[in-house]
Novice: 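Here it is, the structure, as structure tokens.
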Amino acid sequence: MNKAATDHLATAQAHANIALIKYWGKRRGNSDALNLPAVGSLSITLDALTTTTSVQFDDQLATDEACINNRRLQARELQRISNSLDLVRKRARQQGLTQIADRHARVVSDNNFPTAAGLASSASAFAALVTAAAAAAGLQLTDRALSVLARMGSGSAARSIYGGYVLMPRGQHDDGSDAVAQPLHDATHWPLRVLIAITDSGYKKVSSTLGMQQTMLTSPYFAAWVAAQEADLQQAAAAIAQRDFDRLAELAEHSCLKMHATALAAQPGVLYWNPASIACMQLIRDLRAQGHAVFFTNDAGPQIKAVCLPEAEATVSAALQTVTGVQSVLHSGLGGEARLLPA
Ligand code: PMV
């Protein structure tokens, strides 16, 4: 028996991802424990943004505990983590690993990027958490099973189980077994670069869960958003397969702006941008018009991601740093799948 199995301890690393075709909306609303998406999505995994998480099941603990970036979470902040641990404990019980089923866990998690900046930390966080927790419990789960568990923590986390270019289908089944991410190409297929312009490092996120709920309940555009998604996904997958940058640029900016337009039309409108976010988007469009291979995307926050070909990276980075309100620019390539670290 190896050390990890003896100590019921395991450590995993996962990368953040950004969607080029966005996930926005839940099939059965916010109270659905399966967390089924209303639409499929397509993302790239980012090598520079990493979460490293250790999980240890310990019979001495009276409750789950978690420390994130050296801060011990309060009981009320633990719920989502405990929910994911409960799913692993349930699987352990089903597989006769009864000593794990009744144990609480100690979770220690660190991001190598600014968490407060509202970057997609929940994707790498839940992918790393379920990968570490399953191994610590002694479960041997497929990537597919891990993607399902990650999805229940955060929809975008299902995609961070894989590296490179990742498709997350909406799925049809009521039990969510087909709402599971699948790798399309690894990072070497087309090594795009991603620059992240931080426009507000103290930003406190209006959670995607709340933003989606408001959009689903009140936006007159939500049905149209859902109806067009399959075509967007197919066209983006084809553009990626053909490495057609201009086509992918059009599709990704369209999906991003359409997601935000749908959210903006909610009542009250959900607005994630600040003036610097808009200035970055305009600048990126100007650069593309001048012949630089770059497009923007942006999630539920004010930071803007510029996706570019390697030859455009230096120009795009220098230009973003001149925008009033841009505090820093992070650089990333495309990264690999979630993985266990050696004990
Ligand atoms: O994974 P969640 O529930 O935080 O939702 C992510 C939503 C977006 O980041 C805005 C889009 C996406 O597909 O990642």
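In each ligand, atom 1 is the first atom listed, and ligand 1 is the first ligand listed. This is a predicted model, so every value here is computed, not measured.
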Novice: Return yes when M168 approaches ligand 1 closer than 4.0 angstrom through a heavy atom, no otherwise.
Specialist: no
Novice: Determine, step by step, whether R71 and E77 satisfy the salt bridge (Lys or Arg N to Asp or Glu O under 4.0 Å) criterion, reporting the C-alpha distance in whole Å, the side-chain angles of both residues, the deciding distance to 0.1 Å, and the verdict.
Specialist: CA-CA 11 Å; R71 188 178 74 82; E77 299 172 296; 2.8 Å; yes
Novice: Using distance alone, decide if ligand 1 has a nitrogen or oxygen within less than 3.5 Å of any nitrogen or oxygen in S154.
Specialist: yes
Novice: Would you say T209 and ligand 1 have an N/O pair spaced under 3.5 Å apart?
Specialist: no
Novice: At less than 4.0 angstrom from any non-hydrogen atom of M259, what atoms of ligand 1 do you find?
Specialist: 10 (C)
Novice: Among H254, E253, R247, which residue satisfies the side-chain contact (heavy atoms from CB on, under 4.5 Å) criterion with L251?
Specialist: R247
Novice: Below 4.0 Å from ligand 1: does a non-hydrogen atom of G155 turn up there or not?
Specialist: yes
Novice: Can you say whether the rings of F245 and F295 are parallel (under 30°), tilted (30 to 60°) or perpendicular (over 60°)?
Specialist: tilted
Novice: Hey, does S41 come in under 3.5 Å of ligand 1, counting only N/O atoms on both sides?
Specialist: no
Novice: With a cut-off of 4.0 Å, which atoms of ligand 1 are near a heavy atom of A300?
Specialist: 10 (C)
Novice: Would you say that more than 12 heavy atoms from the other residues, nucleotides or ligands in this model lie under 6.0 Å from the CG of D174, or not?
Specialist: no
Novice: Which atoms of ligand 1 sit under 4.0 Å from any heavy atom of R159?
Specialist: 12 (C), 13 (O), 14 (O)
Novice: Pull out every atom of ligand 1 sitting under 4.0 Å from any heavy atom of S208, numbered as shown with elements.
Specialist: 2 (P), 3 (O), 4 (O), 5 (O)
Novice: Within a distance under 4.0 Å of any heavy atom of S122, pick out the atoms of ligand 1 and give their elements.
Specialist: 4 (O)
Novice: When you compare the side chains of N17 and R159, does any donor N or O come within less than 3.5 Å of an acceptor on the partner?
Specialist: yes
Novice: Pick from L141, L139, V180: which one makes a side-chain contact (heavy atoms from CB on, under 4.5 Å) with L146?
Specialist: L141
Novice: Answer yes or no: does an N/O atom from W24 fall short of 3.5 Å to an N/O atom of ligand 1?
Specialist: no
Novice: Going through the checks in order, is the side chain to side chain contact (heavy atoms under 4.5 Å, CB included) test met by I18 and I44?
Specialist: CA-CA 6 Å; I18 49 163; I44 47 181; 3.8 Å; yes
Novice: Of the choices G40, S156, A16, which has the non-hydrogen atom that lies closest to atom 1 (O) of ligand 1?
Specialist: S156
Novice: Mind checking whether H185 and W190 have ring centres under 6.0 Å apart?
Specialist: no
Novice: Verify the cluster assignment for M281 and L264: are they in a single hydrophobic cluster under the rule of side-chain heavy atoms below 4.5 Å apart?
Specialist: yes
Novice: Does ligand 1 have a heavy atom under 4.0 Å from the side chain of H260, from its backbone, from both, or from neither?
Specialist: neither
